[in-house]
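Just below is one structure, and these are the notes that go with it.
Note on naming: letters A, B, ... go to the chains in the order of the sequence lines (proteins, then strands), and numbering restarts at 1 for each one.
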Protein chains: 2
Amino acid sequence: MTPRLDLRCADCGIRHRAVCARCDEAELARLEEVKFYRRYEAGQKIVWAGDELSFVGSVVSGIATMSQTLEDGRVQMVGLLLPSDFIGRPGRETAPYDVTAASDVTLCCFRRAPFERLLADMPHVSGRLLEMTLDELDAAREWMMVLGRKTARERIASLLVSVARREASFDLMPRTHDLRLDLPLTREAMSEYLGLTIETVSRQISQLGREGVIALDDRRRILIPDLDRLIVETGDDVTVA
Amino acid sequence: MTPRLDLRCADCGIRHRAVCARCDEAELARLEEVKFYRRYEAGQKIVWAGDELSFVGSVVSGIATMSQTLEDGRVQMVGLLLPSDFIGRPGRETAPYDVTAASDVTLCCFRRAPFERLLADMPHVSGRLLEMTLDELDAAREWMMVLGRKTARERIASLLVSVARREASFDLMPRTHDLRLDLPLTREAMSEYLGLTIETVSRQISQLGREGVIALDDRRRILIPDLDRLIVETGDDVTVA
DNA sequence: CGTAGAATTGATATATATCAAGCCTAGTGG
DNA sequence: CCACTAGGCTTGATATATATCAATTCTACG
């Protein structure tokens with residue numbers, strides 16, 4: 001599970017989903033020359049909002065969160081960074097958000113300036129980055145619906161389903177039985193993502209548990225006996241989803 | 001104010017902000033060959049969610065809204081499209097959201113397939129599109145904070161400030177006196193954007209009026225005597241903003 | 001002038017926040 | 001090995017912001 005720090009691109013788990021997904025051998029070799037890995041322990045800050053962003057990179061393993069804080073301390077998570085997701089933005093010097101490791105995290109990094117130069121003459125990278133950015137934009141908009149219009153229960157269900165979907169698309173095996181979700185988020189992190197308080201998150205999770213929609217293994221491990229049932233609880237249009 | 005439908009790119013008001021912003025003469029000529037204009041009246045649907053998206057394009061004048069609807073009718077706006085904003089996404093065949101003209105709208109359009117081909121060999125366009133998409137992503141994330149954590153009053157203030165900022169950056173003249181905002185949105189449209197009900201929007205606007213933070217001209221025309229005061233009401237960190 | 005949609009305003013209901021207490025669980029040190 | 005602790009979580013009681021329901025009032029338009 002823990003990738004070695006001298007991982008070759010060819011052996012990389014996110015090879016086919018990250019910014020480098022469309023690169024050929026020669027292009028990979030070029031990236032390989034300048035990439036470097038970084039590791040963070042659960043809880044560590046990866047980027048501070050407002051600081052200079054000296055590097056960009058992809059999440060290789062683990063989960064990180066992006067969040068924004070108002071003066072008075074209110075916090076809103078604006079993104080959940082799963083393996084293959086990209087951190088940082090070309091053409092911007094300071095980070096707009098805090099990025100924090102929710103679990104142990106490994107990043108595959110590039111110094112920002114050289115990466116921007118690569119972008120200019122590797123359309124396979126810039127094209128993939130555009131595609132990923134458009135996907136993120138869709139995800140952000142879906143989340144606007146969650147935050148603006150959904151009930152607490154629907155928000156919890158939406159979070160679980162969206163993570164379940166991402167995990168499922170990773171290990172493509174057709175799951176015959178219960179989906180077991182590893183969600184390394186504290187109730188506090190969930191509340192920050194969902195625009196709720198810890199207490200409301202806790203109550204709704206308990207409630208869904210009591211009703212058998214989900215089952216709680218460990219406090220951070222959730223069992224989904226019937227994904228379709230959970231999807232109904234998201235409030236989304238089932239036909240589209 | 002109303003652009004002629006045979007507008008030349010060189011005379012176009014959004015020339016320096018839209019996807020074509022970085023194009024040189026030769027590139028513009030190429031776009032000019034395939035572009036076409038469309039006009040919509042206030043209230044008209046421009047795109048239906050789920051339908052095939054046969055074209056992409058830029059807002060030349062007017063305001064449009066992007067929104068998403070749940071089965072049970074709950075609506076959330078996920079974007080406000082002002083002049084120079086781009087509609088549609090290369091590499092996707094069906095529209096994920098409804099797009100509606102809030103005022104009379106003129107679009108500068110391209111058929112999707114040819115546009116995608118252009119993208120491939122005009123890095124000035126694809127690069128600019130990436131940049132615009134990253135900006136939209138930031139805007140969507142800022143809105144997640146609004147929807148997840150801000151009070152009704154702060155939401156109203158945030159909407160007004162964000163539109164005021166966009167307008168101000170258009171006519172760059174240093175405003176010496178009151179900012180006059182033309183906001184062609186019904187209370188319903190605002191409530192859909194803000195994740196509130198019409199009644200709450202109305203009450204908060206009245207309240208801000210009573211306190212002199214804003215003044216109401218016409219029902220759709222708002223006067224901002226002191227932008228800094230309004231910014232305080234957004235709850236945002238003033239030092240950053 | 002009359003009508004319809006938009007907006008305002010008031011009374012009340014309700015979902016979620018807030019305040020508060022106690023309970024797990026993993027890790028620590030005696 | 002076993003208290004002991006601290007952080008995370010759960011649960012309960014109450015407060016509150018916003019939704020909901022309902023009645024007017026505006027405004028534009030035929």
Check nucleotides 9-14 of chain D against the protein and report each pair of N or O atoms closer than 3.5 Å, with its distance, or say if there are none.
from	atom 1	to	atom 2	distance (Å)
dC9(D)	OP1	Arg220(A)	NE	3.0
dC9(D)	OP1	Arg220(A)	NH2	3.2
dC9(D)	OP2	Arg187(A)	N	2.8
dC9(D)	O3'	Arg219(A)	NE	3.1
dT10(D)	OP1	Arg187(A)	NH2	3.2
dT10(D)	OP2	Arg187(A)	NE	2.6
dT10(D)	OP2	Ser202(A)	OG	2.7
dT10(D)	O5'	Ser202(A)	OG	3.1
dT11(D)	OP2	Ser206(A)	OG	2.8
dG12(D)	N7	Arg203(A)	NH1	2.8
dG12(D)	O6	Arg203(A)	NH2	3.3
dA13(D)	N6	Arg203(A)	NH2	3.4

Check this for me: does any side-chain nitrogen of one of Asp85(A) and Arg166(A) sit under 4.0 Å from a carboxylate oxygen of the other?
yes
Members of residues 151-159 of chain A that approach DNA chain D, where some heavy atom sits under 4.0 Å away
none
With sequence neighbours excluded, residues passing side chain to side chain contact (heavy atoms under 4.5 Å, CB included) with Leu223(A):
Asp178(A), Arg180(A), Ala215(A), Asp217(A)
Test side chain to side chain contact (heavy atoms under 4.5 Å, CB included) applied to Thr197(A) - qualifying residues, sequence neighbours left out
Glu199(A), Thr200(A)
Could you state the [atom1]-[atom2] distance from [X] to [N], rounded to the nearest angstrom?
X: Met190(B); N: dA6(C); atom1: CE; atom2: P; result: 13 Å
X: Leu196(B); N: dT20(D); atom1: CG; atom2: P; result: 11 Å
X: Lys150(B); N: dT18(D); atom1: NZ; atom2: P; result: 13 Å
X: Leu194(B); N: dA17(D); atom1: CG; atom2: P; result: 18 Å
X: Gln204(B); N: dG10(C); atom1: CD; atom2: C1'; result: 15 Å
X: Asp217(B); N: dT27(D); atom1: CG; atom2: C1'; result: 15 Å
X: Asp72(B); N: dT20(D); atom1: CG; atom2: P; result: 11 Å

Angle, rounded to 10°, between the helical axes spanning five pairs at each terminus of the helix from dC1(C)-dG30(D) to dG30(C)-dC1(D)?
30°
Which residues pass the salt bridge (charged side-chain N to carboxylate O under 4.0 Å, His left out) test with [X], not counting sequence neighbours?
X: Glu188(A); answer: none
X: Arg149(A); answer: none
X: Asp138(B); answer: Arg89(A), Arg92(A)
X: Arg155(A); answer: none

Here the salt bridge (Lys or Arg N to Asp or Glu O under 4.0 Å) pairs for residues 46-73 of chain A, sequence neighbours left out, are Asp72(A)-Arg74(A)
Test: side-chain hydrogen bond (donor to acceptor under 3.5 Å, both in side chains). Region: residues 204-213 of chain B. Which pairs qualify, not counting sequence neighbours?
Arg153(B)-Glu211(B), Gln207(B)-Arg210(B), Gln207(B)-Glu211(B)
Side chain to side chain donor-acceptor pair (under 3.5 Å) with Thr100(A): which residues, sequence neighbours excluded?
none
Would you classify Gly195(A) as touching base, sugar-phosphate or nothing, given that sugar-phosphate means primed atoms plus P, OP1 and OP2, and contacts are heavy atoms under 4.0 Å?
sugar-phosphate
Residue of the set Thr65(A), Leu107(A), Val105(A), Val99(A) for which side-chain contact (heavy atoms from CB on, under 4.5 Å) holds with Leu81(A):
Val99(A)
